[in-house]
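Step one of this worksheet: look at the structure below.
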Amino acid sequence: MIIDTHSHIFKEYYKNVDEVINKMKNNIIIVCGTNYNNNKEVIKLCNKYNNVYGTLGFHPNELEDFEYEHLKIIEENINNPKIVGIGEIGLDYHWNDNNKDFQKEIFEKQLDLAKKYKKTVVIHSRDAFEDTYNILSSNKYRNLKVILHCYSYDLEKAQKFINLGIMLGISGIVTFTSAKQLREVVKKIDLKHLLIETDSPYLAPVPFRGKKNEPLYVKLIAQKIAEIKNISVEDVYLATTSNAIHKFDLKIDL
Ligand code: NI
């Protein structure tokens, strides 16, 4: 069994969402919300498909239409057994660095919910290492179960995060020619700290780079990790699947 631990399989990106999900039969897809409307889609997909689990959250790049009221959707659905985390949440100073305080406020509000309901958090962090690390290593949040999705910082930072018990999501970027730094991270960091994810529809791995990504391509990411670590792809599946089951506390029902 394979688990794509991070995807955005929404109607706005795919003509036929059902077809994309059916290709992952007997495997698991975790769909992550980023705004009010697609959080509602996450809930629908979770209720419709046995093999789809979801996380609800408000992404730092999608705060223009955010209203505090919207956070209620998280609490209202937190007891749905298919909702296994809070995300995608975080900090992104690459696309927007003039609303840092607002980003931090909304990020922390969602971390508070994760703490209250003991849920795993799925974090996006871009050009924001310092604030992300300071928040996650604070006494208030250091016991949270955390996944840093689409890991893209260097090895030294990876070691700091894994020392906090944080798991790193490895995306299709690892297959890009330019991604030397990420391959170094994958080589040096033990498999027990890694997850595999597509971030579909974005970041399709080679040889589909630039095309629309889909959860099935998570296999290409596993293959690349196997190649870098010089182990079998089965070992990558075994370890990363078990990591995901534990980190999200998944009750598998296929
Ligand atoms: Ni994402």
Side-chain angles (χ1 to χ4, degrees), residues 2-14 17 20-21 24 28-43 45-46 52-66 70 73-74 83-96 103 106-107 110-111 114 119-129 132 136 145-153 161 166-176 179 182 185 194-205 208-218 220-221 240 243-244 247-248:
I2 306 165
I3 305 184
D4 179 2
T5 59
H6 189 105
S7 71
H8 309 282
I9 312 301
F10 300 128
K11 282 183 293 204
E12 64 176 302
Y13 307 121
Y14 299 93
V17 169
V20 172
I21 292 174
M24 279 287 277
I28 287 173
I29 305 171
I30 297 178
V31 182
C32 305
T34 60
N35 61 42
Y36 189 67
N37 286 328
N38 63 32
N39 278 315
K40 286 192 276 190
E41 265 186 78
V42 169
I43 297 159
L45 291 171
C46 285
V52 172
Y53 294 75
T55 68
L56 302 176
F58 295 86
H59 191 289
N61 292 341
E62 299 190 36
L63 297 177
E64 302 97 58
D65 300 322
F66 176 82
H70 290 167
I73 197 170
I74 297 178
I83 298 300
V84 294
I86 294 181
E88 174 173 353
I89 65 176
L91 302 172
D92 190 322
Y93 302 158
H94 181 80
W95 295 109
N96 204 345
Q103 286 193 37
I106 304 309
F107 181 38
Q110 296 179 93
L111 292 176
K119 287 285 177 181
T120 303
V121 286
V122 177
I123 293 182
H124 169 106
S125 174
R126 188 161 185 203
D127 291 351
F129 167 76
T132 307
L136 295 176
K145 289 199 281 182
V146 178
I147 293 162
L148 214 52
H149 116 86
C150 196
Y151 186 77
S152 58
Y153 295 119
F161 283 121
I166 292 172
M167 242 175 224
L168 312 178
I170 304 301
S171 72
I173 292 176
V174 74
T175 68
F176 298 175
L182 183 58
V185 169
L194 305 183
L195 297 170
I196 49 177
E197 60 162 80
T198 61
D199 204 16
S200 296
Y202 314 107
L203 299 174
F208 301 107
R209 188 171 182 184
K211 304 223 170 75
K212 191 168 290 183
N213 203 356
E214 57 175 280
L216 193 64
Y217 297 164
V218 78
L220 296 163
I221 297 161
T240 55
N243 293 345
K247 202 68 174 178
F248 285 107

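Atoms within each ligand, like the ligands themselves, are counted from 1 in listed order. The model shown is predicted, which means the values in this text are computed figures rather than measured ones.
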Q. Would a distance-only check, ignoring hydrogens and angles, find a side-chain to backbone donor-acceptor pair under 3.5 Å from Gln110 to Ile106?
A.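 Yes, because the side chain of Gln110 sits within donor-acceptor range (under 3.5 Å) of the backbone of Ile106.
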
Q) Does a donor on one side chain sit under 3.5 Å from an acceptor on the other, for Tyr153 and Ser125? A)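 Per modelled atom types, Tyr153 and Ser125 side chains form a pair under 3.5 Å.
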
Q) Just checking, is any N or O donor in the side chain of His59 or Asn35 under 3.5 Å from an acceptor N or O on the other one? A)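 Side chains of His59 and Asn35: no pair found under 3.5 Å.
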
Q: Validate the cation-pi geometry between Lys212 and Tyr13: distance from NZ or CZ to the six-membered ring centre under 6.0 Å, angle to the ring axis within 45°.
A: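 Output no; distance or angle outside limits.
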
Q | With Thr198, the side chain to side chain contact (heavy atoms under 4.5 Å, CB included) member among Ile29, Leu220, Val218 | A |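 For Thr198, the side chain to side chain contact (heavy atoms under 4.5 Å, CB included) check succeeds only for Val218.
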
(Q) Would you say that Cys150 contacts His6 through its side chain, given a criterion of any heavy-atom pair below 4.5 Å between the two side chains? (A)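 Sidechains of His6 and Cys150: no contact.
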
Q | Listed protein N/O/S atoms, distance to the Ni ion (ligand 1) under 2.8 Å | A |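 Atoms qualifying: His6 NE2, His8 NE2, Glu88 OE1, Asp199 OD1.
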
